[in-house]
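To start, the structure itself, in structure tokens.
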Amino acid sequence: MDWMLGAFFVMALFAAILSTLAGFGSALILISATSLMFDIKWSIALTSFFYFYNTSLKTYYLKPYINWPLVFKLSLLSIPGVFIGAYSLLFLDANWLVFILVAMSLLYLVIDLFRLMPNYKISDSVLIFTGFIYGLVSGAVGSGSLIKALVFKQLALKKEVFVASMAASALPLNIIKISIFTWASLVAFEDLSYLIVLLLASYLGTQIGKYYLSKLKQKWFDHLVRLILLMLSISLIFKAITN
């Protein structure tokens with residue numbers, strides 16, 4: 001148990017640092033990694049607590065940079081969307097969740113590596129519709145930030161505004177997911193040690209990432225995230241096939 005808690009802490013710390021530097025990716029990385037060791041539904045539920053810690057800290061530290069009109073438009077339909085997605089998780093087959101997660105990881109890699117970002121105008125209706133899809137995917141798979149990040153990149157936001165607005169728009173969804181997953185007993189009192197480890201890793205990771213946000217070249221972190229997501233995707237595919 002001790003080594004599992006230690007491994008959990010290292011994975012969460014790494015995810016928190018990268019998320020603070022890049023603005024997103026913590027849940028996707030942490031869910032992918034932990035689902036290799038644990039049940040994927042439990043991983044998604046527990047990671048919701050980590051994501052709540054992480055987005056709360058980023059929202060607090062970077063609050064002067066938050067684009068509130070953007071956050072409001074995204075939240076209009078993302079909140080009902082996350083209710084539908086989170087309840088769907090309770091009934092979905094675990095192997096399907098693995099394949100969806102793999103597809104999201106690989107989609108991110110392909111879009112990012114080959115610069116396949118489509119050019120389209122970001123109107124208010126696009127933002128509101130994106131919010132619903134983001135909420136739906138976030139509730140069902142644990143992470144919908146990829147969808148939101150594609151839109152945010154099109155808006156050419158400053159790095160700090162990107163990171164702060166990503167965090168603030170995720171915060172209410174995380175509260176809803178935690179409530180539903182706790183009610184459904186996906187996370188129980190016996191998981192308290194993991195929740196404490198996640199809280200500590202999130203705090204330390206956010207502090208480290210915030211310090212280096214304006215100091216380090218991000219391209220090296222981008223390359224590392226790509227490599228890790230690729231390795232995790234291959235591992236998850238193998239896990240789903242062999243189950």
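All residue numbers in this chain count up from 1 along the given sequence. Because the structure is predicted, anything quoted here is derived from the model rather than measured.
- Separating the OH atom in Tyr134 from the OG atom in Ser169 is a distance of 5.0 Å, to the nearest 0.5 Å.
- When all heavy atoms of Ala15 and Leu30 are compared, the pair lying nearest together is CB-CB, 4.4 Å.
- Here the closest heavy-atom approach between residue Gly139 and residue Lys177 is recorded as CA-CD, 3.9 Å.
- Using a 4.5 Å cut-off on side-chain heavy atoms (C-beta onward), Phe83 and Ile176 make contact.
- Separation of the Phe181 and Trp42 ring centroids does not fall under the 6.0 Å cut-off.
- Atom-to-atom distance recorded for Ile128:CD1 and Leu77:CG is 6.5 Å, nearest 0.5 angstrom.
- The shortest heavy-atom contact between Leu173 and Gly135 is CD2-CA, 3.7 Å.
- The shortest heavy-atom contact between Leu186 and Ala45 is CB-CB, 3.7 Å.
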Pair Phe132, Ile84 - check side chain to side chain contact (heavy atoms under 4.5 Å, CB included), show working.
CA-CA 10 Å; Phe132 177 74; Ile84 298 171; 4.2 Å; yes
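- Counting only residues at least two apart or in different chains, salt bridge (Lys or Arg N to Asp or Glu O under 4.0 Å) contacts with residues 124-134 comprise Lys73-Asp124.
- Here the two rings, on Tyr203 and Tyr53, have centers that are 6.0 Å apart or farther.
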Side chain to side chain contact (heavy atoms under 4.5 Å, CB included), that's the test. Do Leu204 and Leu200 meet it? Break it down for me.
CA-CA 6 Å; Leu204 292 176; Leu200 180 60; 4.0 Å; yes
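- Smallest separation of non-hydrogen atoms from Ala140 and Ile44: O-CD1, 4.1 Å.
- Taken from CZ in Phe8 to OG in Ser43, the straight-line distance is 6.5 Å, to the nearest 0.5 Å.
- Residue Tyr65 places its OH atom among 12 or fewer non-hydrogen atoms of other residues, nucleotides or ligands, all under 6.0 Å distant.
- Remark: Lys63 is positioned above the aromatic ring of Tyr60, its terminal NZ or CZ atom under 6.0 angstrom from the ring centre and at most 45 degrees off the axis.
- A 4.5 Å side-chain heavy-atom check between Ile175 and Pro172 finds every atom pair outside the cut-off.
- Both Met11 and Val187 are members of a single hydrophobic cluster when ILVMFWY side chains are connected at heavy-atom separations under 4.5 Å.
- Distance check, rounded to the nearest 0.5 Å: CZ of Phe129 to OG of Ser78 gives 13.5 Å.
- Residue Val161 forms a side chain to side chain contact (heavy atoms under 4.5 Å, CB included) with just one option from Asn67, Leu62, Ile66, and that option is Asn67.
- Under the 4.5 Å side-chain criterion, counting only non-hydrogen atoms from C-beta, Gln207 is in contact with Tyr61.
- In the hydrophobic cluster analysis, where Ile, Leu, Val, Met, Phe, Trp and Tyr join through side-chain heavy atoms closer than 4.5 angstrom, Trp68 is grouped apart from Leu74.
- Using a 4.5 Å cut-off on side-chain heavy atoms (C-beta onward), Leu46 and Phe50 make no contact.
- Using a 3.5 Å distance cut-off with no hydrogens or angles, the side chains of Lys58 and Thr206 do not pair a donor with an acceptor.
- Of all heavy-atom pairs spanning Ala12 and Ala201, the tightest one is CB-CB, 3.6 Å.
- One hydrophobic cluster, built from ILVMFWY side chains closer than 4.5 Å, holds both Leu57 and Leu13.
- Remark: Leu195 CG to Phe49 CZ distance equals 5.5 Å, nearest 0.5 Å.
- In this structure, the side chains of Val197 and Ser193 stay at 4.5 Å or more apart for every pair of heavy atoms.
- Note that the CG atom of Asn54 and the CG atom of Leu198 stand 10.5 Å from one another [nearest 0.5 Å].
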